[in-house]
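Data block below; observations after.
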Protein chains: 2
Amino acid sequence: MRGNLFAVAVDLVVLTVRDGELCVLLLERTAKPFEGEFALPGGFVQPKEDLLDAATRELVTETGLVIGTHHVEQLASYAAPDRDPRGRVLTVGHLALVPDLPEPEAGAGADSTGGAWHPVAKVDQLAFDHARILADGVERARAKLEYTTLAAAFCPPDFTISQLRRIYEAVWGTTPDPRNFSRKVTSTPGFLLPTGAKFSSGRGRPGQLFRRGPATALHPPMLRDGDSDGDL
Amino acid sequence: MRGNLFAVAVDLVVLTVRDGELCVLLLERTAKPFEGEFALPGGFVQPKEDLLDAATRELVTETGLVIGTHHVEQLASYAAPDRDPRGRVLTVGHLALVPDLPEPEAGAGADSTGGAWHPVAKVDQLAFDHARILADGVERARAKLEYTTLAAAFCPPDFTISQLRRIYEAVWGTTPDPRNFSRKVTSTPGFLLPTGAKFSSGRGRPGQLFRRGPATALHPPMLRDGDSDGDL
DNA sequence: CCAATAGTGTCTTTGAGACATTATTAA
DNA sequence: TTAATAATGTCTCAAAGACACTATTGG
């Protein structure tokens with residue numbers, strides 16, 4: 001084995017949709033490097049710990065969010081030699097998609113506050129290279145809504161088609177036609193399971209409630225309008 | 001900084017198409033862990049070296065392949081605590097797509113032979129968790145041919161539509177209809193640039209030569225037949 | 001009755017999928 | 001002339017995109 005060793009961290013891009021906006025969970029740093037700036041939740045991987053385990057552990061520790069049943073996937077690794085002033089740190093970025101949870105309040109970690117939701121559109125600067133990681137995570141989420149059923153990961157267990165459509169609106173920033181959208185999602189076998197129940201969100205006709213089905217892929221995909229070209 | 005440090009390696013899934021088969025570049029290990037087994041090319045990241053740089057350097061060192069102008073992208077990181085018997089090693093898998101190059105012969109690394117092309121379908125066992133990394137790389141390549149113009153990365157600078165179609169056949173294991181295929185690729189603006197020249201591969205009518213255009217995305221995508229469902 | 005939201009049907013257009021013949025070259 | 005490969009056009013069908021009205025509920 002060679003002598004060039006790295007500290008290995010995990011960082012999480014935790015996304016949700018709140019009040020029609022795509023939001024990311026950020027901590028405010030209270031310790032030395034980048035003190036006072038916002039950062040993604042994350043931390044160092046422990047001996048004998050795998051990456052996903054580290055990611056879920058850090059999330060609970062720093063924000064109280066139990067990711068348990070929610071969607072978490074690996075995003076990419078970042079290891080520019082100067083990305084952390086304290087030394088050589090490789091971080092494995094992760095992407096988590098969660099429903100609209102209560103404001104996180106739980107026990108702060110050693111070097112940051114407890115965390116809060118921030119609209120992605122208003123995030124300007126982040127500690128380390130976290131802005132890049134966030135951008136990659138958001139782009140991954142946008143792309144995956146096209147060809148997977150992952151939008152349901154942003155929804156509570158039971159949800160209406162309108163709620164699901166508002167996820168797409170928030171994540172993509174576009175507004176799919178309600179009729180075409182409804183046709184698409186209901187005609188994908190295994191995407192939505194009817195529960196029989198209905199849900200009234202205040203006034204107006206109540207919508208029918210669905211639950212996530214076993215399908216994971218959308219065939220053919222639901223394409224965004226201005227789908228970018230630069231993602232080889 | 002904590003005391004739990006990792007060695008960080010890069011490994012490469014280098015794919016090409018030879019004689020109509022999707023092939024991967026493998027080394028035979030000559031040193032202790034997994035001696036005599038096949039492995040992906042790769043090695044440890046040096047101090048002050050970024051991941052992509054390490055990947056390209058290792059490839060040249062171990063196999064003589066200059067990846068320079070070819071396509072390389074990060075795949076995923078693998079860090080199961082017991083994945084390397086020598087200690088805690090995180091490896092960042094990379095995917096490289098190259099044209100049908102001459103058999104690699106160059107200077108072998110310290111702990112393996114110079115490397116050779118192996119049909120992916122015939123690979124059964126690999127050192128470490130490299131079988132998993134290979135599987136992920138192959139799946140990524142298959143998926144990307146659907147919605148990008150990346151198939152051209154397997155072709156020489158000038159190529160015919162038939163050559164391009166044979167890439168799809170080899171990677172997907174299916175045979176797209178020549179007319180529909182031709183219609184699709186020629187009607188995607190910026191995918192293929194006519195060179196005016198023609199190319200005769202032995203007997204038969206020569207085909208028209210094209211060069212890669214600036215387009216990177218296929219809209220809408222060209223879907224495989226039995227597109228899998230399990231890739232959330 | 002009014003305001004708010006859910007839910008639905010049809011037409012047009014685009015592109016995928018299936019299919020057979022002609023063109024060009026080397027042997 | 002034959003064998004090999006390249007190239008092309010049309011029909012059918014599936015699904016996307018555009019578009020307006022009716023249904024149900026709470027206030």
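Convention: sequence-line order gives letters A, B, ...; per-chain numbering from 1.
Heavy-atom neighbours of Arg132(A) CZ from other residues, nucleotides or ligands within 6.0 Å: at or below the threshold of 12.
Listed for the Glu37(A) side chain is no donor-acceptor partner under 3.5 Å among the backbone atoms of Arg29(A). Counting only distance, with no hydrogens or angles, the side chain of Tyr168(B) and the backbone of Leu145(B) share a donor-acceptor pair below 3.5 Å.
Straight-line distance from the CZ atom of Arg179(B) to the C1' atom of dG17(C): 10 Å, rounded to whole Å. What separates CZ of Arg205(A) from P of dG7(C) is a distance of 6 Å, to the nearest Å. Between the CD atom of Gln208(A) and the C1' atom of dT5(C) there is a distance of 15 Å, rounded to whole Å. Remark: C1' of dT14(C) and NE2 of His219(B) are 15 Å apart, rounded to the nearest angstrom. When the C1' atom of dT14(C) is taken as reference, atom CG of Leu223(A) falls 13 Å away, rounded to whole Å.
No salt bridge links Arg140(A) with Asp136(A); every basic N to acidic carboxylate O contact stays at or beyond 4.0 Å.
Side-chain contact annotation: Asp11(A) with Thr91(A), donor-acceptor N/O pair under 3.5 Å present.
Contact footprint of chain B on DNA chain D: nucleotides with an atom under 4.0 Å from a non-hydrogen protein atom, first to last in 5' to 3' order, dA4(D) to dG9(D).
DNA chain C is contacted by Asn180(B), Arg183(B), Lys184(B) of residues 180-199 of chain B, taking any non-hydrogen atom closer than 4.0 Å.
Not counting sequence neighbours, Arg205(B) has no partner by the salt bridge (charged side-chain N to carboxylate O under 4.0 Å, His left out) test.
Residue order along DNA chain C, read from the 5' end via each residue's closest nucleotide, puts Gly204(A) first among Ile161(A) and Gly204(A). Closest-nucleotide positions on DNA chain D for Asp177(A) and Pro206(A) were compared, and the one nearer the 5' end corresponds to Asp177(A). Place Arg203(B) and Arg203(A) on DNA chain C by their nearest nucleotides, and Arg203(A) ends up nearer the 5' end.
Between Phe181(A) and Ile161(A), the shortest heavy-atom distance links the atoms CE2-O, 3.8 Å.
How far OG1 of Thr56(B) is from NE2 of His94(B): 9.0 Å, rounded to the nearest 0.5 Å.
Side chains of His118(B) and Leu126(B) form no contact here, defined as non-hydrogen atoms less than 4.5 Å apart.
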